[in-house]
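Below: the structure, in structure tokens.
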Amino acid sequence: PYTTLFRSRSRTSKSEKIVATIGAILGISVTFYISYLLIGLEGAVFLVPSMGAAAVLLFAIPHGALSQPWALFMGNLVSAFIGVASYMLVPNIFIAAGLAVGLSVGTMHLLNSIHPPGGATALVAVVGGPVIHDLGFMYILSPIFINVLSMFVIAVVYNSLFDWRRYPIAMMRFVEKEMSRKDEVNSSLHSKHIEQAMKDMDLVVDVTIDDLKRLFSLSMQHAE
């Protein structure tokens, strides 16, 4: 009843959707302008896709596992390095593009820093043209690191304005109600159990273990 082939029922409030929209507008406008100042309009255009995808994560899904700082920074910086190296070492641009994205995905998995925009960051290093290619490995620092840092700062400040939001998730301001002794006795679900279940399923989901635990706990309360 909740999903069809082409449509999924929304579970978010109107205020959440409005906040996400305004946040993305602010994040991209500032980041795009910074890119423009650093490498000009031609180069900045190629960086919009990766930062646009990052904006979706940081402002629409600020509590997601793929949106957290480790994933944001490592996912983009490592992918930028791999993208530049692929372009420099592989003459065939088609193979270089595939290697840049594929190796970035594998490396992000190894570093536990899966961040979808990282794929675009790696790809731009290969197909971005002379403006990007001339930067060499400086591409990692400017504009990638500076853009990511800008987006991060904006996300931290903006999301902190709203009580129901938290970014990074470590700064979440939710205060759980104290569990009764009965609840403590009946609650046998621990983070390690959820983590092991995810390993058993070989599952990658964009939600933290703590949020999953809270979700299951609230679901049990609603069921009761």
Side-chain angles (χ1 to χ4, degrees), residues 24 27-28 31-32 34-36 38-39 42-156 167-169 195 198-199 201-209:
I28 286 299
T31 304
F32 188 25
I34 291 175
S35 294
Y36 166 74
L38 293 174
I39 57 177
E42 182 180 354
V45 166
F46 285 100
L47 295 174
V48 170
S50 61
M51 290 300 102
V56 174
L57 292 172
L58 270 62
F59 298 105
I61 320 173
H63 57 280
L66 308 186
S67 310
Q68 300 312 300
W70 175 257
L72 172 67
F73 281 91
M74 291 304 296
N76 279 293
L77 297 180
V78 168
S79 296
F81 174 83
I82 293 174
V84 174
S86 297
Y87 172 76
M88 290 183 171
L89 299 175
V90 181
N92 187 300
I93 191 171
F94 302 105
I95 296 176
L99 285 172
V101 177
L103 292 176
S104 294
V105 170
T107 303
M108 285 189 286
H109 259 304
L110 290 174
L111 296 176
N112 195 29
S113 61
I114 289 292
H115 186 66
T121 297
L123 186 59
V124 166
V126 177
V127 303
V131 175
I132 300 297
H133 296 159
D134 290 345
L135 294 173
F137 285 104
M138 278 300 295
Y139 170 73
I140 303 169
L141 175 62
S142 175
I144 296 302
F145 174 74
I146 294 177
N147 278 347
V148 170
L149 181 61
S150 301
M151 190 75 76
F152 171 74
V153 171
I154 295 170
V156 171
Y167 186 81
I169 197 169
E195 185 173 1
M198 292 176 66
K199 288 181 179 178
M201 296 176 66
D202 200 15
L203 186 64
V204 177
V205 294
D206 189 17
V207 64
T208 63
I209 297 295

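For clarity, every value in this text was computed on a predicted model and none was experimentally measured.
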For residues 106-113, which side-chain donor-acceptor pairs fall under 3.5 Å, sequence neighbours excluded?
residue, atom, partner, partner atom, Å
T107, OG1, L103, O, 2.8

Validation: residues 128-137 side-chain donor-acceptor distances under 3.5 Å, sequence neighbours left out:
residue, atom, partner, partner atom, Å
H133, ND1, Y87, OH, 3.1
H133, ND1, G129, O, 3.3
H133, NE2, V126, O, 2.8

Can you list, pair by pair, the side-chain donor-acceptor contacts under 3.5 Å of residues 92-102, counting residues two or more places apart and other chains?
residue, atom, partner, partner atom, Å
N92, OD1, F94, N, 2.9
N92, OD1, I95, N, 3.1

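Residues P116 and L66 have side chains in contact (heavy-atom distance under 4.5 Å, counting atoms from C-beta outward).
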Exercise. Checking side-chain contact (heavy atoms from CB on, under 4.5 Å) for the pair Y139/L47: CA distance, chi angles, key distance, verdict?
Worked result: CA-CA 11 Å; Y139 170 73; L47 295 174; 3.8 Å; yes
Problem set entry | Verdict with supporting geometry, M151 and V153, side-chain contact (heavy atoms from CB on, under 4.5 Å) | CA-CA 6 Å; M151 190 75 76; V153 171; over 6 Å; no
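One finds the CD1 atom of I34 at 8.0 Å from the CD1 atom of I146 (value rounded to the nearest 0.5 Å). With values rounded to the nearest 0.5 angstrom, H115 atom NE2 is found 12.0 Å from S104 atom OG. Put simply, OG on S35 and CD1 on I144 are 7.5 Å apart, with the number rounded to the nearest 0.5 Å. Atom CG of L141 is separated from atom CG of N147 by 11.0 Å, given to the nearest 0.5 angstrom.
A donor-acceptor contact shorter than 3.5 Å is absent between the side chain of T31 and the backbone of I28. Without hydrogens or angle criteria, Q68 side chain to Y167 main chain gives no donor-acceptor distance under 3.5 Å.
F73 is linked by a ring-ring contact (aromatic ring centres under 6.0 Å, His included) to F152, counting only residues two or more places apart in sequence or in another chain. By the side-chain hydrogen bond (donor to acceptor under 3.5 Å, both in side chains) test, T121 pairs with N76, sequence neighbours left out. When the side-chain hydrogen bond (donor to acceptor under 3.5 Å, both in side chains) test is applied to S86, no partner is found at least two apart in sequence or on another chain.
For the pair F32 and A44, the tightest heavy-atom approach, listed with the atom from each and the gap, is CE1-CB, 3.5 Å. For the residue pair P168 and P69, the shortest heavy atom distance occurs at CG-CG, 3.5 Å. L72 approaches S67 most closely through the heavy-atom pair CB-O, 4.3 Å. Contact between P62 and A60 at its shortest, heavy atoms only, is CD-C, 3.4 Å. A125 and A80 get closest at one heavy-atom pair: CB-O, 4.4 Å.
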